[in-house]
Amino acid sequence: MVGVASWSLPRPRRNGPPYYSKSNVIQVLEQIGVLLELKGANPFRIRSYQNASRSLSNLEEDLWIVTNEGRLTEIKGIGKGIAGLISEAMSEGKWGEIGGLYDEIPSGLIEMLAIPGLGPKKIKLFYEELGIDSIASLKVAGEDGMLQGLDRMGAKSEQKVLDGIELLKRFSGKRRLDVGLLYGEALETRIASMTGVQRAQLAGSTRRRKETIGDLDIVAAVKPEDVELVTNQILSLPGIADIKGSGSSKVSIILGTEFFDEISEEGQVDGGVLEALGGDAWEELASSTTIDAQIRLVPPHVFSFTLAYFTGSKEHNVRMRQRALDQGLRLNEFGLFPLDAIGDLKGLEAAEFSLPAIEESDIYAHLGMAWVPPELREDYGEIEAALNDKLPTLMEPIQLKGAFHNHTTASDGTASLEQMAQAAQSLGWEFLGIADHSQILQVASGLSAEELHQQKDAIKALNESWSDSGVDFRIFHGNECDILPDGTLDYDAETRGILDHVVGSVHQLPTWKKRDEDVNTEALITAIEDPTFTILGHPTGRILGGRDGFDIDLHAVLRRMGELNAEGELKIVEINASPYRLDLDWRFCRYAKEQGVPIAINPDAHSTQGLKDVWFGAQIARKGWLETTDIINCRKGSDLEQLLW
DNA sequence: GCCGTTTTCGGCCCGACTGTTTTCAGTCG
């Protein structure tokens with residue numbers, strides 16, 4: 001996940017039980033895993049905590065109910081030990097002995113984990129032998145040559161630590177999906193066109209369309225006799241900031257901005273996002289963007305196995321291996337092998353005994369499964385679905401016929417109503433929803449009630465002109481109405497009543513971030529229950545790489561929306577498609593669908609160019625298992641008139 | 001710490017690369 005969670009036990013609620021929320025518990029279990037790593041605990045014990053944390057984040061039910069009904073151990077990955085821990089924490093607000101880990105492990109050790117090439121074992125060694133407990137003291141020790149001479153530490157290892165610290169400063173955190181795709185696809189194209197490369201494809205989290213990307217993975221099919229030739233071509237690419245390593249099957253490089261000089265990044269950033277990222281931090285990021293890339297070179301006949309392997313996710317791969325083992329097969333990046341056929345052969349040497357696979361779909365077919373689209377490979381149920389022919393038919397970006405949440409010069413956009421409408425028509429859209437900011441948001445020039453009426457008249461005139469000339473296009477007049485901290489909406493009910501749709505959004509983040517999850521959830525539900533409320537805009541307010549959203553029980557919010565829809569109302573949840581947000585998170589999409597909540601993919605465009613961001617929203621919708629019928633902006637413009645007018 | 005139709009112990013996915021060694025430990029994906 002994005003952002004840096006605090007490294008202390010969360011404060012128990014005053015009015016418990018339950019003393020902790022589900023997200024509190026998920027976070028603590030995850031952090032216990034990390035703390036145990038730094039303590040040098042049994043790696044399998046560590047993984048248990050990680051698995052338990054992961055299982056809980058997939059749990060849709062209320063954790064407090066599950067705890068009280070004694071059903072915790074029914075959750076896969078939670079046994080007697082961790083169930084007891086959770087139960088005590090929720091009902092008594094105590095974390096027992098394990099909570100002591102937080103005092104035992106200095107927080108500086110946790111920060112050191114972020115240094116590339118440095119893991120828990122080395123950090124533990126430095127701490128125990130030299131008392132190093134922060135990145136700063138590690139840097140000093142390295143520069144003084146104190147690290148070499150320790151167990152298995154030489155001059156090169158010491159330099160690697162110092163390099164890692166530099167790298168961390170320059171390359172902190174993850175890249176957004178749009179940046180990853182920009183670099184990744186450019187690199188894929190260049191490598192695919194190199195002499196000796198038969199085929200090249202972007203893999204990794206970029207191919208899976210994760211909202212943020214750690215590094216780039218490219219798989220290239222190269223005959224063994226061409227490996228050296230191709231390696232040399234890669235190493236002489238323009239804009240390589242550094243070479244991290246180069247072996248017979250893998251080249252690891254760091255790309256700098258020069259790689260990218262011919263393609264300029266046209267970011268569509270609204271003022272609030274810039275503010276969230278912080279002026280200096282943003283400048284630094286924009287001017288010094290680098291990205292790690294690993295290129296795997298494999299013989300053509302193993303290409304599909306390597307592509308599948310490095311597309312991941314790790315969790316998906318583990319399940320795939322288990323599935324293979326159940327059939328007496330071993331699956332790795334070189335092939336799919338009958339266990340009795342390969343004996344002691346390993347790696348590439350075994351490849352000739354593999355079952356054949358030209359495409360990835362052949363691998364899945366050998367295991368009795370349908371091909372799983374890369375976006376779904378997260379072990380979120382896709383394995384079971386692929387085995388039972390239950391995979392969804394994912395929506396396609398081309399099916400979008402408009403979007404509901406866009407800004408004009410009336411508030412903080414850069415294009416007029418007419419310009420935005422024209423841009424939408426040139427995209428082939430049948431409708432455009434306008435939702436400028438509401439009056440309370442002065443920093444974004446929110447509209448007064450009077451201005452809102454004027455805007456309505458302007459839209460009415462435009463709609464009539466299209467209708468008169470037989471053009472299948474209309475503007476829906478909405479507003480991005482602020483949800484105030486107590487859950488009331490900006491403007492009075494009468495003013496909101498003139499609108500076709502109300503996009504309710506939270507903008508006063510500091511207030512919401514200070515509050516408990518249950519208070520926020522209640523306020524949001526109050527807002528949604530207002531009869532004029534239509535679409536929940538960027539549900540958590542997160543900025544990727546900038547800030548986490550506020551705490552909220554989205555399952556409860558979506559459940560309530562579903563109930564209201566069942567009563568005949570229309571409550572929609574937005575996937576804010578700005579690559580800076582991608583909020584609703586994909587992990588909640590399927591739940592929204594199951595609860596009967598339609599999804600709107602909204603670019604939150606502040607310019608004509610920004611409308612195209614719907615593409616990123618569509619990627620997230622796909623990742624969230626959504627089909628065309630789940631997306632309300634895949635409906636015809638004329639049908640939407642019936643719903644909104 | 002979790003798990004189990006080879007179940008209460010002995011497993012827990014697998015391999016490449018680097019730097020340190022002279023057979024391996026740590027890190028990464």
Side-chain angles (χ1 to χ4, degrees), chain A residues 29 32-33 36-37 40-55 72-86 97-98 112-126 147-161 163-164 203-206 208 213-219 243-252 292-298 302 305-306 308-326 329-337 339 342 345-351 379:
Chain A
L29 290 177
I32 287 173
L36 284 172
E37 254 190 315
N42 177 339
F44 298 110
R45 189 175 165 220
I46 293 165
R47 209 164 70 193
S48 298
Y49 283 96
Q50 292 166 343
N51 286 341
S53 174
R54 191 182 143 75
S55 289
L72 280 173
T73 52
E74 289 172 18
I75 301 167
K76 196 169 151 54
I78 294 182
K80 258 174 77 178
I82 293 180
L85 191 68
I86 295 172
E97 265 178 54
I98 204 98
M112 279 190 253
L113 272 177
I115 299 170
L118 206 53
K121 301 270 172 59
K122 286 271 165 66
I123 291 171
K124 184 164 179 279
L125 176 75
F126 298 155
L147 301 180
Q148 45 182 305
L150 293 176
D151 191 31
R152 297 186 78 88
M153 284 292 300
K156 278 190 172 178
S157 299
E158 185 173 76
Q159 189 55 46
K160 212 177 140 190
V161 170
D163 290 346
S205 48
T206 317
R208 295 202 317 279
I213 315 283
D215 56 9
L216 300 173
D217 287 287
I218 307 255
V219 180
I243 297 168
K244 282 176 78 180
S246 170
S248 61
S249 68
K250 172 174 141 178
V251 184
S252 199
D292 272 28
Q294 288 166 42
I295 302 104
R296 319 269 165 174
L297 309 177
V298 295
V302 305
F305 292 103
T306 312
Y309 185 88
F310 285 106
T311 296
S313 64
K314 197 171 117 188
E315 290 78 10
H316 178 85
N317 286 351
V318 167
R319 295 291 310 277
M320 290 289 284
R321 285 171 190 285
Q322 283 164 349
R323 171 71 190 162
L325 281 173
D326 290 345
L329 299 166
R330 167 173 296 158
L331 176 64
N332 60 29
E333 63 263 54
F334 301 113
L336 181 60
F337 311 98
L339 282 174
I342 52 172
L345 287 178
K346 281 197 167 175
L348 265 182
E349 289 174 8
D379 192 20

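As a basis for the values below, the full set of heavy atoms in this structure was taken, side chains included, without hydrogen atoms, waters or symmetry mates. Throughout, protein chains are lettered first and strands after them, A, B, ... in sequence-line order, and every chain is numbered starting at 1.
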5'-most contact on DNA chain B (nearest-nucleotide basis), S246(A) vs Y49(A), goes to Y49(A)
Q322(A) has its side chain closest, among dG1(B), dG19(B), dC13(B), to dC13(B)
Heavy-atom donor-acceptor pair, R208(A) side chain to T311(A) backbone, under 3.5 Å:
yes
NA contact type, N42(A), heavy-atom cut-off 4.0 Å: base, sugar-phosphate, or nothing?
base
With sugar-phosphate meaning primed atoms plus P, OP1 and OP2, does Y309(A) contact a base, only sugar-phosphate, or nothing at under 4.0 Å between heavy atoms?
base
Separation of the C1' atoms in dT23(B) and dT18(B), to the nearest angstrom
15 Å
Heavy atoms under 4.0 Å, any strand shown: does S252(A) hit a base, just sugar-phosphate, or nothing?
nothing
Judged by each residue's nearest nucleotide on DNA chain B, which is more toward the 5′ side, I75(A) or D217(A)?
I75(A)
Rounded to whole Å, please give me the gap between CE in M320(A) and P in dC14(B).
14 Å
Using the C1' atom on both, measure dT20(B) against dG26(B) and round to a whole Å.
10 Å
Starting at atom CD1 of I243(A), determine the distance to atom P of dT18(B), rounded to an integer number of angstrom.
12 Å
Whole angstrom is fine here: how far is it from NE2 in H316(A) over to P in dC14(B)?
16 Å
Can you tell me which nucleotide in dG29(B), dC3(B), dA16(B) comes closest to the side chain of K76(A)?
dC3(B)
Which part of the nucleic acid, if any, lies within reach of P43(A) when heavy atoms closer than 4.0 Å are counted: base, sugar-phosphate only, or nothing?
nothing
Categorize A155(A) for me: base, sugar-phosphate, or nothing, with a 4.0 angstrom heavy-atom threshold over every strand shown.
sugar-phosphate
Just the rounded figure in Å: distance from P of dG29(B) to CG of L331(A).
20 Å
Ranking dC12(B), dG29(B), dA16(B) by distance to the side chain of R47(A), first place goes to dC12(B)
Quick one: label I46(A) by what it contacts on the DNA or RNA (base, sugar-phosphate, nothing), any heavy atom closer than 4.0 Å.
nothing
Using the C1' atom in both, what is the distance from dT5(B) to dG15(B), to the nearest Å?
32 Å
dG1(B) pairs with which nucleotide, Watson-Crick or G-U wobble, both distances below 3.5 Å?
dC12(B)
Main chain of L147(A), side chain of E158(A): is a donor-acceptor contact present, judged purely on distance under 3.5 Å?
yes
Look at the side chain of F44(A) and decide which nucleotide, out of dG1(B), dC13(B), dT20(B), has an atom nearest to it.
dG1(B)
dC12(B) P sits how many Å from D326(A) CG, rounded?
14 Å
Please state how far atom NZ in K160(A) lies from atom P in dC17(B), giving the value in whole angstrom units.
13 Å
dT7(B) and dC17(B): how far apart are their P atoms, nearest whole angstrom?
40 Å
Taking dG26(B), dG1(B), dC14(B) as options, the one with an atom nearest any side-chain atom of K122(A) is dG26(B)
Nucleotide nearest R152(A) (side chain, heavy atoms from C-beta), chosen from dG29(B), dA25(B), dG1(B):
dA25(B)
Between the side chain of E333(A) and the main-chain N/O of Y309(A), is any donor-acceptor distance below 3.5 Å?
no
What is the distance, rounded to the nearest whole Å, between atom NZ of K121(A) and atom P of dT18(B)?
20 Å
Is the shortest side-chain N/O distance from N332(A) to OP1 or OP2 of dG15(B) below 4.0 Å?
yes
Minimum-distance nucleotide (side-chain atoms of F310(A) versus dG29(B), dC13(B), dG15(B)):
dG29(B)
In whole Å, what is the span from the CG atom of D215(A) to the C1' atom of dT27(B)?
13 Å
Quick check for you: among dG1(B), dC13(B), dC14(B), whose closest atom lies nearest to any side-chain atom of V318(A)?
dC13(B)
Taking OP1 and OP2 of dC12(B), is either one under 4.0 Å from a side-chain nitrogen or oxygen of S48(A)?
no
